[in-house]
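Excluded from the calculations below are hydrogen atoms, water molecules and symmetry mates; all remaining heavy atoms, backbone and side chain alike, are included.
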Amino acid sequence: MKNIYCDRCSAEITDKSNLVITTYFLSVRAYHDRCYSKSLKGWETVFVGNEPINGTSGNVKAILGFVLAMILFLTSSLYSLIGIVALYLPLMRLYAWYNIERHLE
């Protein structure tokens with residue numbers, strides 16, 4: 001089992017309910033719930049995603065992005081480039097689950 005550490009305080013995250021995953025530029029970052037709220041109050045707000053990618057809203061957005069991408073891929077080759085961009089959020093969500101969340105279950 002892999003240990004998951006908070007990017008702000010470097011303490012180990014042991015409970016999945018205390019985990020918040022965000023994007024920092026193109027990388028995925030794990031925070032404690034309290035550390036995430038502190039990072040939103042600082043200058044890092046410009047770089048840290050304002051919404052977590054784990055949780056209900058992140059899952060819904062990932063599913064909608066995947067459905068949109070599949071529709072664009074099946075429609076025509078002209079829209080397939082937009083479909084690749086629409087796959088960004090589902091792929092980031094899958095990556096976050098594989099590298100972080102599954103180790104806390």
Side-chain angles (χ1 to χ4, degrees):
M1 185 175 224
K2 180 180 171 184
N3 294 336
I4 306 299
Y5 295 99
C6 178
D7 279 355
R8 184 172 171 97
C9 69
S10 300
E12 185 177 359
I13 301 171
T14 57
D15 188 16
K16 189 175 178 180
S17 65
N18 197 20
L19 174 69
V20 177
I21 302 173
T22 63
T23 54
Y24 187 82
F25 289 116
L26 296 175
S27 65
V28 175
R29 300 279 175 106
Y31 293 98
H32 285 109
D33 190 27
R34 66 181 185 281
C35 294
Y36 174 71
S37 63
K38 287 179 186 176
S39 69
L40 287 179
K41 294 177 185 175
W43 63 273
E44 293 178 351
T45 305
V46 177
F47 305 112
V48 175
N50 286 334
E51 293 184 24
I53 61 173
N54 62 331
T56 306
S57 65
N59 290 337
V60 169
K61 288 178 185 179
I63 291 169
L64 291 176
F66 180 75
V67 169
L68 176 66
M70 291 304 112
I71 290 171
L72 291 173
F73 283 138
L74 296 175
T75 304
S76 75
S77 62
L78 180 66
Y79 297 117
S80 62
L81 188 61
I82 298 170
I84 292 172
V85 173
L87 278 178
Y88 171 75
L89 190 59
L91 289 176
M92 289 296 276
R93 180 69 187 107
L94 185 63
Y95 177 79
W97 174 82
Y98 184 77
N99 282 331
I100 299 171
E101 279 188 80
R102 75 181 176 109
H103 298 292
L104 295 177
E105 291 182 27

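- Under the side-chain hydrogen bond (donor to acceptor under 3.5 Å, both in side chains) criterion, Lys16 pairs with no residue at all, not counting sequence neighbours.
- The distance from the NE2 atom of His32 to the OG atom of Ser37 is 12.0 Å, given to the nearest 0.5 Å.
- Annotation for Val60: hydrophobic cluster partners, listed by chain and number, are Leu64 (ILVMFWY side-chain heavy atoms under 4.5 Å, direct or chained).
- Taking a 6.0 Å sphere around OH of Tyr88, one finds it holds more than 12 heavy atoms contributed by other residues, nucleotides or ligands.
- For residues 52-61, every residue pair satisfying the salt bridge (Lys or Arg N to Asp or Glu O under 4.0 Å) rule, not counting sequence neighbours, is listed here: Glu51-Lys61.
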**Request:** In sequence, state the C-alpha distance, the side-chain angles, and the governing distance for Val28 and Asn99, and then conclude on side chain to side chain contact (heavy atoms under 4.5 Å, CB included).
**Result:** CA-CA 9 Å; Val28 175; Asn99 282 331; over 6 Å; no
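- The side-chain hydrogen bond (donor to acceptor under 3.5 Å, both in side chains) check on Asp33 picks up nothing, with sequence neighbours excluded.
- Remark: Phe73 engages Ala69, Met70, Ser80, Ile84, Leu87 in a side chain to side chain contact (heavy atoms under 4.5 Å, CB included) (not counting sequence neighbours).
- Checked against side chain to side chain contact (heavy atoms under 4.5 Å, CB included), Ser27 has the following partners two or more places apart in sequence or in another chain: Tyr24, Arg29.
- Atom CD1 of Ile53 sits about 10.0 Å away from atom OH of Tyr95, to the nearest 0.5 Å.
- Contact record, Cys6 with Tyr31: SG-CA, 3.8 Å, taken as the closest heavy-atom pair.
- Note that CG of Leu19 is 5.0 Å distant from CD1 of Ile13, once rounded to the nearest 0.5 Å.
- Using a 4.5 Å heavy-atom threshold, the side chains of Ile4 and Glu12 count as separate.
- Rounded to the nearest 0.5 Å, atoms CH2 (Trp97) and CG (Leu104) are 12.0 Å apart.
- For the salt bridge (Lys or Arg N to Asp or Glu O under 4.0 Å) condition, no pair includes a residue of residues 69-84, sequence neighbours left out.
- Listed by chain and residue number, Leu72, Thr75, Ser76, Ile82 satisfy the side chain to side chain contact (heavy atoms under 4.5 Å, CB included) test with Tyr79 (two or more places apart in sequence, or in another chain).
- Here salt bridge (Lys or Arg N to Asp or Glu O under 4.0 Å) pairs that include residues 62-86, with residues two or more places apart or in two chains, number zero.
- Residues passing the side-chain hydrogen bond (donor to acceptor under 3.5 Å, both in side chains) test with Thr14, sequence neighbours excluded: none.
- Sorted by first and then second residue, the salt bridge (Lys or Arg N to Asp or Glu O under 4.0 Å) pairs involving residues 73-98 (not counting sequence neighbours) are Arg93-Glu101.
- Annotation: side chain of Phe66 is not in contact with side chain of Leu68 (no heavy-atom distance under 4.5 Å).
- The two atoms that bring Ala62 and Leu89 nearest to each other are N-CD2, 4.1 Å, heavy atoms only.
- The main-chain N or O of Ala96 is never found under 3.5 Å from a side-chain atom of Asn54 such that the two would form a donor-acceptor pair.
- Residues Tyr36 and Pro52 approach most closely at OH-CD, 3.7 Å, considering heavy atoms.
- Scanning for side-chain hydrogen bond (donor to acceptor under 3.5 Å, both in side chains) contacts around Asn18 gives an empty result, with sequence neighbours left out.
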